[in-house]
2 protein chains.
Amino acid sequence: MSTIQLLPLTDVSVECCTPLDSDTLSVEDADLLSSRLKAVADPARLRLVSLVAAHANAEACVCDLTEPLGLSQGTVSHHLKILVEAGIFAREKRGTWAYYSLIPGALGSLSAALLVVGEK
Amino acid sequence: MSTIQLLPLTDVSVECCTPLDSDTLSVEDADLLSSRLKAVADPARLRLVSLVAAHANAEACVCDLTEPLGLSQGTVSHHLKILVEAGIFAREKRGTWAYYSLIPGALGSLSAALLVVGEK
DNA sequence: TTACCGTATTGATGACTGTCAATCTAAGTG
DNA sequence: CACTTAGATTGACAGTCATCAATACGGTAA
């Protein structure tokens, strides 16, 4: 049997979609990373992260956060949802209260991903 | 003369503005950090950082970046200005061309600042 | 000087976002 | 059951943003 060269073909397809620079950020990766960064690039949400991290047991309910943030309950709930959807906060409902906590390593991986963008 | 107690007064004022948690992100720091993160939380600007970093000599002019980004020249110029104002890119004009380059350590300090927010 | 080229800026537009007030849902409590 | 309380959701509004087309600016070359 003749052994068909498969690897060169896949290489060509890779070259096709990355024309000039070898290892540059793809559009998909850029969209993904930017959406995660957007979740954190807001003063209210940065303070939420800081408040929750500084809180006892590293978790807090909405009622703990509304007053120090100076925003309405609905707005705080909105920001918390964005942080949960970005994979930064975890939400656990116990009784009437909803407790939010930092997902371990989430900020670290985001911080690391940002750093990698600047490395060729 | 009666010695007036000044220190207790200032202590009270400090307690007044930091009611519960001790070392939480201030509103000013949150605004500052979020504005730097906003500069980077955009797909086009993330790709700009990646493209410049991967470019020869780690610098590039606008004409090098317009085509791989798929955006108009004016839009690319606009994004580059935002990155310069955020302290991430440096701009050097040589002749007709404007060369942009990553400021060393800029992404690193931003990445580190983001990480610190999550540490109590 | 005029002409050209690379870049910056302006104006307009459509999309997105942060915020609040109001409402709705759900879980406890009388 | 009705009532209260915590949180989520909705609708509306103002502000911001990404984008393009067009124009202005600033060197360089003829």
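Chain letters run A, B, ... following the sequence lines, proteins first, then strands; residues in each count from 1.
- Rounding to whole angstrom units, CG of residue A:L48 and C1' of D:dG7 are separated by 14 Å.
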Before you tell me yes or no, could you show the steps for B:Y99 and B:R94 under side chain to side chain contact (heavy atoms under 4.5 Å, CB included), namely the whole-Å CA-CA distance, both residues' side-chain angles and the distance that decides it to 0.1 Å? CA-CA 7 Å; B:Y99 290 90; B:R94 292 202 298 270; 3.6 Å; yes
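- Taking atom CD on A:E67 and atom C1' on D:dA6, their separation rounds to 16 Å, with Å as the unit.
- Within the 4.0 Å cut-off from OP1 or OP2 of C:dA8, at least one side-chain nitrogen or oxygen of B:S77 is found.
- Each of B:D42 and B:G95 was assigned the nucleotide of DNA chain D with the nearest heavy atom; the assignment lying further toward the 5' end belongs to B:D42.
- Counting to the nearest Å, the P atom of C:dT7 and the CD atom of B:E59 are 12 Å from each other.
- For A:L71, taking side-chain heavy atoms from C-beta onward, the closest of the listed nucleotides C:dG28, C:dA8, C:dC20 is C:dC20.
- Checked options A:L25, A:D29, A:V116, A:L33; the residue passing with B:S50 is A:L25 (criterion: side-chain contact (heavy atoms from CB on, under 4.5 Å)).
- Rounded to an integer number of Å, the gap from NZ of A:K81 to C1' of C:dG18 is 15 Å.
- In this entry the distance linking CG of B:L65 with P of C:dG6 reads 14 Å, nearest Å.
- Considering only side-chain N and O atoms, B:R45 lies under 4.0 angstrom from the phosphate OP1 or OP2 of D:dA18.
- Of the residues near DNA chain C, A:A41 and A:K93, the one whose nearest nucleotide (by heavy atom distance) lies more toward the 5' end is A:A41.
- Checking the phosphate oxygens (OP1, OP2) of C:dG6, no side-chain nitrogen or oxygen of B:R94 falls inside 4.0 Å.
- Note on A:H79: a side-chain N or O is less than 4.0 Å away from OP1 or OP2 of C:dT19.
- Remark: B:T75 is in phosphate contact with D:dC20, judged by side-chain N or O atoms under 4.0 Å from OP1 or OP2.
- Taking every side-chain heavy atom of B:W97 into account, C:dT7 is the closest of C:dT7, C:dT19, D:dA6.
- Dashed line: the shortest gap from a side-chain N or O of A:R91 to OP1 or OP2 of D:dG7 is not under 4.0 Å.
- Between the side chain of B:S111 and the main chain of A:S111, a donor-acceptor pair closer than 3.5 Å is present.
- Note on A:Y100: a side-chain N or O is less than 4.0 Å away from OP1 or OP2 of D:dA8.
- Here the side chain of A:D42 pairs a donor or acceptor atom with the backbone of A:A44 at under 3.5 angstrom.
- Between A:E85 atom CD and D:dT9 atom C1' there is a gap of 13 Å when expressed in whole angstrom units.
- A:S72 has a side-chain polar atom (N or O) that falls below the 4.0 Å cut-off from OP1 or OP2 of C:dC20.
- With rounding to whole Å, A:L69 atom CG is found 12 Å from C:dG18 atom C1'.
- Remark: side-chain polar atoms of B:T66 are not paired, donor with acceptor, to backbone N or O of B:C63 under 3.5 angstrom.
- Between A:A98 and A:K38, it is A:A98 whose nearest contact on DNA chain D lies nearer the 5' terminus.
- Applying the 3.5 Å distance criterion, the base of D:dA8 shares a donor-acceptor pair with the side chain of A:Q73.
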